[in-house]
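Notes follow the structure.
Residue numbers run from 1 in the order of the sequence given. Hydrogens, waters and symmetry mates play no part in the numbers below; they use all other heavy atoms, side chains included.
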Amino acid sequence: MLGILSFLGFTLLVGIISYLATRSTDEKSSDGYFLGGRSLTAGVIAGSLLLTNLSTEQIVGLNGSAYKDGLSVMAWETLAAIAMVVAAIFLLPRYLKGGLTTVPQFLANRFDVTTKTITSGLFLTGYVVVLLPVILYSGSVAISGMFNVPEMLNVSDSTALVICIWGIGIIGSIYAVFGGLKAVAVSDSINAIGLIIGGILIPVFGLMAIGDGSVLAGLDTLVSSDPERFDSTGNHGQEVPFSTIFTGMMLVQLFYWGTNQQIIQRALGAKNLAEGQKGLLLASFLKILGPLILVLPGMIAYHYFDGNLESSDLAYPALVGAVLPKYLVGFFAAVLFGAILSSFNSVLNSSVTLFGIDIYKQHINKEAPEGTVVKYGKIFGVCLALAAMFIAPLIANAGSLFNYLQEINGIYNIPILTIIVVGYLTKRVPAIAAKIAIFMGSGLYIVSQFIVGPYRVEKALEAARASGITDEAALNLVEADAYPHYLHVMAILFLLNAGIMLLIGKFYPRKEAFEQQYTKQVEITPFKYVKQFGAIICLIVIGVYIYFAK
């Protein structure tokens, strides 16, 4: 009962503070609703950025990967710091100079409206079909299990799951649809503090459990017992081989932290360029500490349970249940609930923004006043949330959600990144090149990863088993050798798409060179030390890799 009360108390407090924060925002203004009135400060941006991408599929999934492969999976976190530095120095000044509300708006200016609409459609499809339902489902599994909802309400597991899905969905919708970006960003910042505190408590208690009450003794035991698992360079056959860091991994990070509407919308809401850059830099520095929450617990779980768990995805919840004192369960559940809500409402708010600005205003009612755009954006958000709540229970048998998300997102993230990068770096590549890159990039990736790749892998495994190979580790290497890692495939397609766009631009250039105009909507004087701090952060990341390299 104490756990439930602390959970409800912390969640209610966040809601009240977020509500009060929205009172100063004009929600009838599209700028006020979609970008929080462009008033977000560096601290709010940093906290919101950190929590936006943290939810149960990351916390549970990445720790599960660390349970299997060790420290090498930290690339998903530490390399994000470099991507945010690039976004702060290269992309954000250009976004704010153009007064952008959404990333696809740049594509309309650089190429044409059709390119923007296609890109917005790709974002929305990925959000509603994959991301929102997965967030709801994985979050509901965590909350239901933590509070043992089936026993508490005397219902079946499936019924408890549906109850949690709709509870999270309704609360998240209220935050995102009716509060706008400012409510989302403020609640994210508060929850980020709780997540850092609660997230660090898990490895602390875990190390104490294996170190007879001492954190340092536990860390020494963990390192000395499995030193090979503290290797920052992933081996062939693991989830993140070292070579992928220099290919698709950095491309995925650049897309996620620099062009993904769900993420970059926080920086687009900055009161000025300097605040936006400081927010990105602060978040990038804190991101280096991400493995303490998203990797170390999985490694502790491997030692604590002697690697005998039935599934690696059980590593984090099993460790929490084993080492966290009962009186902290409610607080940690509230923090986890905040992380779930953060991912859900940030995706939903971004979807509402994309629809309102890029679809409704552009194609349905071009003369609509700002209040009307916001109104129909909210209606679309409610419909989107309802659709996600109905879809979420249907993905119970989808398998590993973390790998599922990474693989599916490749359908649209690399094509979109390609046309944005080429669009900014060139002036005469025409709109037709962008359209070809989007459709060809998505099509080739689908063929590669869901037709050719599985066929090649299955044939290789059949041949290996026929020759008498039955060892799981050996079969894993056979699978890795059968077809290139999907991150390598992304890099290959990025170069191919960019090359085709450049060739089209050479032989069929647009008549007039593109020149970005300064809209003067946001002050774009950069942070004085942005390059210096960015260089320091990049050097720290490189130093971490060198220190842990075996």
- Item | All pairs passing side chain to side chain donor-acceptor pair (under 3.5 Å) where residues 424-444 contributes a residue, at least two apart |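 Only Arg110-Thr426, Asp112-Lys435, Lys427-Glu515 qualify under side chain to side chain donor-acceptor pair (under 3.5 Å).
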- Message: Strictly by side chain to side chain donor-acceptor pair (under 3.5 Å), give each pair with a member in residues 525-540 just once, sequence neighbours left out.
- Response: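 Listed by first then second residue: Glu523-Thr525.
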- Query: So how far is it from Thr418 OG1 to Leu493 CG, rounded to the nearest 0.5 Å?
  - Reply: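 Reported value, rounded in 0.5 Å steps: 8.5 Å.
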- Distance in Å, Gln277 CD paired with Leu96 CG, rounded so as to fall on 0.5 Å steps: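 One finds 8.5 Å between CD of Gln277 and CG of Leu96.
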- What pairs of residues pass the salt bridge (charged side-chain N to carboxylate O under 4.0 Å, His left out) test when at least one of them lies in residues 502-511, not counting sequence neighbours?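 Checked against salt bridge (charged side-chain N to carboxylate O under 4.0 Å, His left out) - neighbours excluded - no pair reaches residues 502-511.
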- Over all atoms of both residues, closest heavy-atom pair of Ser72 and Thr233: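 So the minimum-distance heavy-atom pair works out to CB-C, 4.2 Å.
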- Item | Closest heavy-atom pair and its distance - Lys271, Val522 |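 Reported closest heavy-atom pair: O-CG1, 4.0 Å.
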Let me have the donor-acceptor pairs involving side chains of residues 536-545, under 3.5 Å, with sequence neighbours excluded, atom names and distances please.
none

- Check for a donor-acceptor pair, side chain of Thr247 on one end and backbone N or O of Thr244 on the other, with a separation under 3.5 Å.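 Flag set: sc Thr247 to bb Thr244 pair under 3.5 Å.
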- Query: Parallel, tilted or perpendicular for Phe527 and Phe533, by the 30°/60° rule?
  - Reply: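 Parallel: the ring planes of Phe527 and Phe533 meet at under 30°.
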- Message: List the residues meeting ring-ring contact (aromatic ring centres under 6.0 Å, His included) with Tyr316, not counting sequence neighbours, and say none if there are none.
- Response: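 ring-ring contact (aromatic ring centres under 6.0 Å, His included) check on Tyr316 returns nothing, list empty.
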- With sequence neighbours excluded, residues passing ring-ring contact (aromatic ring centres under 6.0 Å, His included) with Phe246: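 For Phe246 the ring-ring contact (aromatic ring centres under 6.0 Å, His included) partners, ignoring immediate neighbours, are Phe242.
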